[in-house]
There are 2 protein chains.
Amino acid sequence: MSDAEQTRQNILTVAADEIHQHGFKATSLSVILNRCEISKGALYHHFSSKMALGYAVFEEIYTPMFLELWQSALAVDDPIEGLCDFFTAITEQMSCSEVVCGCPLNNLCEEMANVDEGFRLRILALQEQLNQSIVDAFEKISDDLRADLALSQVSYFIVATLNGATTLCKSSRNKALFQQVIAELCLYTRALKK
Amino acid sequence: MSDAEQTRQNILTVAADEIHQHGFKATSLSVILNRCEISKGALYHHFSSKMALGYAVFEEIYTPMFLELWQSALAVDDPIEGLCDFFTAITEQMSCSEVVCGCPLNNLCEEMANVDEGFRLRILALQEQLNQSIVDAFEKISDDLRADLALSQVSYFIVATLNGATTLCKSSRNKALFQQVIAELCLYTRALKK
DNA sequence: CTTGCAACATACCAAGCGGTTGGTTATTAT
DNA sequence: ATAATAACCAACCGCTTGGTATGTTGCAAG
C-alpha cells in the first residue's frame with residue numbers, strides 16, 4: 001500500500017472509531033488530526049468535507065464489517081442457532097464499555113437519519129440488505145419453521161430488539177441488562193421453529 | 001400562574017420540543033430564545049445552564065408524560081391487551097413525522113447516557129420505574145401468564161423492542177415498518193398468556 | 001534537468017455556540 | 001413611599017467548529 005493510501009486508511013480507521021464512540025456530529029476533525037498526527041490539509045486532500053469522510057467511513061468500514069458479521073452468523077446449517085450463538089457471543093466477548101458504546105449502525109441511524117439524507121439512504125440500504133440476508137436464511141429452513149410466520153416482519157423484529165437492547169443498557173452501563181434481553185430474544189428466536 | 005412562572009413553563013415546553021426534534025446537544029439556545037421571544041438573560045434567570053434546563057425538561061415534562069402514558073396503558077383489567085392497545089394506538093394516532101422523531105426518552109438515552117452522568121441517572125431511574133410498573137401489572141395477572149416467564153426480563157424485552165422499532169423506522173421514514181414490528185410485538189406479548 | 005502534480009503543512013477565517021456582564025423595568029414587602 | 005429583589009434585556013466574550021487559501025516538499029514522467 002502506498003504512503004498516501006496508508007494515510008487515507010488511517011484516517012478512515014480513526015474516524016470510524018471516533019464516530020462510533022462519540023457520534024458523527026460530536027466527532028471533531030481536530031481530534032482525528034491529532035490521533036493521526038497529520039495536518040488539516042492532509043485530511044482535506046483525501047476527503048472533500050466532514051460529510052464525505054462520514055460517508056466513506058460508512059461505506060468502507062461499517063458496511064463490510066456488518067455484512068461479514070451477519071453473513072458468518074447466518075451461513076451455517078441452522079441459522080436460528082447461528083443467530084442465537086451470534087447474540088450470545090456479543091454479550092460474552094464484548095467488554096462492558098464496548099456494549100455501552102452501542103452498534104455503530106444503530107447509533108448513526110438514531111443520530112443522522114433525520115438530519116442528513118445521504119446518511120439516511122446509506123443506512124436504509126444496509127438495513128434492507130441485512131434484513132434480506134436474514135429472510136433468505138430463514139427461507140432455506142422454512143420447513144423447520146412455523147407456518148404462520150411473516151419472515152420479513154420477524155427479521156425486523158429481531159433486529160429491532162437487538163438494537164433496543166444495546167440502547168437500553170447505555171443508561172445502566174451494565175452488560176447484565178443486555179444479557180437478559182438477549183436471553184429473551186434467543187427464547188423468541190428458537191420458538192420460531194416448529 | 002404568575003407571569004414569571006408562565007415564562008418558565010413556556011421555556012420548558014419549547015425546549016422539550018426542540019430537544020425531542022433535534023436532540024439535546026443540537027438544540028440551540030438561540031432557537032429557544034427566538035421561539036419564546038425572550039432574551040438570553042430571561043432564560044439564564046430561570047435556568048443556571050443549558051444542562052440545568054435539560055434536566056428540568058426531563059423531570060418536569062418527559063418524566064410525568066411517560067409515567068402517565070404507561071400507567072394508563074397498564075391500569076386496566078388486562079394489561080396484556082392494554083399494552084397491545086397502547087402500541088397499536090401509537091402506530092395509528094401518531095403522524096409519520098412524529099414516529100420518525102422517536103421516543104424522547106430513548107433518544108436522550110442514546111445521545112446523552114454515555115456523555116453526561118446527570119442525564120444517565122435520570123434516564124436510568126425512569127426506565128427502572130417504568131419497568132417496575134410493567135412487572136407489577138404482570139404480577140397482578142400472573143395466574144393467566146405462563147409459569148416459565150422471567151417477568152422483569154420480559155418487560156425489558158418489550159421496551160427494548162418498542163424502542164428498537166422507533167429507531168429502525170427513522171431510516172425508512174415510514175410508519176409501515178414500525179407497524180410491522182409492533183404487530184410482531186403484539187403477537188409476542190399476547191403469547192405470554194397461557 | 002526540469003516540469004508538474006500528488007501529498008502534504010501552516011495559518012487563517014466566519015459562524016455559531018454556551019455563558020457573562022451591566023444595566024433596566026416591574027413587582028412586592030415594609 | 002421607598003427599598004429590595006425578581007424578572008428581564010442588549011451587548012459582548014472566549015472558544016471551538018468545519019472549511020479555505022497559500023505555501024512547501026518529494027516523486028515521477030518527459
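Sequence lines set the chain letters: A, B, ... in the order given, protein chains first and strands last, and positions in each chain run from 1. Given the structure is predicted, the values throughout are model-derived calculations rather than measurements. Just so you know, these numbers use all the heavy atoms, side chains as well, and skip hydrogens, waters and symmetry mates.
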May I ask you to check if A:Lys50 and A:Phe24 form a cation-pi contact, with NZ or CZ under 6.0 angstrom from the six-membered ring centre and within 45° of the axis? yes
Just checking, any donor-acceptor pair under 3.5 angstrom between side chains of A:Tyr156 and A:Glu128? no
Which letters describe nucleotides 3-21 of chain C, given B = protein heavy atom under 4.0 Å from base, S = only from sugar-phosphate, - = neither? ---SBSBB------SBBB-
Can you name the atoms? Protein N/O to nucleotides 27-29 of chain D N/O, anything below 3.5 Å, with the distance.
none

Please round to 10 degrees the angle between the axis of the first five pairs and the axis of the last five pairs in the helix from C:dC1-D:dG30 to C:dT30-D:dA1. 0°
Atom pair distance, as rounded to whole Å: CZ in B:Phe47 and C1' in D:dC8: 14 Å
Can you tell me how far the CG atom of B:Asn131 sits from the CZ atom of B:Phe157, to the nearest 0.5 Å? 13.5 Å
Can you find a side-chain donor-acceptor pair between A:Asp17 and A:Gln21 that sits under 3.5 Å? yes
Can you find a side-chain donor-acceptor pair between B:Tyr55 and B:Glu60 that sits under 3.5 Å? no
Looking only at side chains, do A:Asn107 and A:Lys170 share a donor and an acceptor under 3.5 Å apart? yes
Distance in angstrom units between A:Ile32 CD1 and D:dT16 P, rounded: 17 Å
Would you say the side-chain atoms of B:Gln6 pair up with the backbone N or O of B:Asp3, donor to acceptor, closer than 3.5 Å? no
Is there a path of hydrophobic side-chain contacts, each under 4.5 Å between heavy atoms, that joins A:Leu69 and A:Val76? no
Side chains of B:Thr167 and A:Asn163: any donor to acceptor distance under 3.5 Å? no
So OG of B:Ser142 and CG of B:Leu192: to nearest 0.5 Å the spacing works out to 12.5 Å
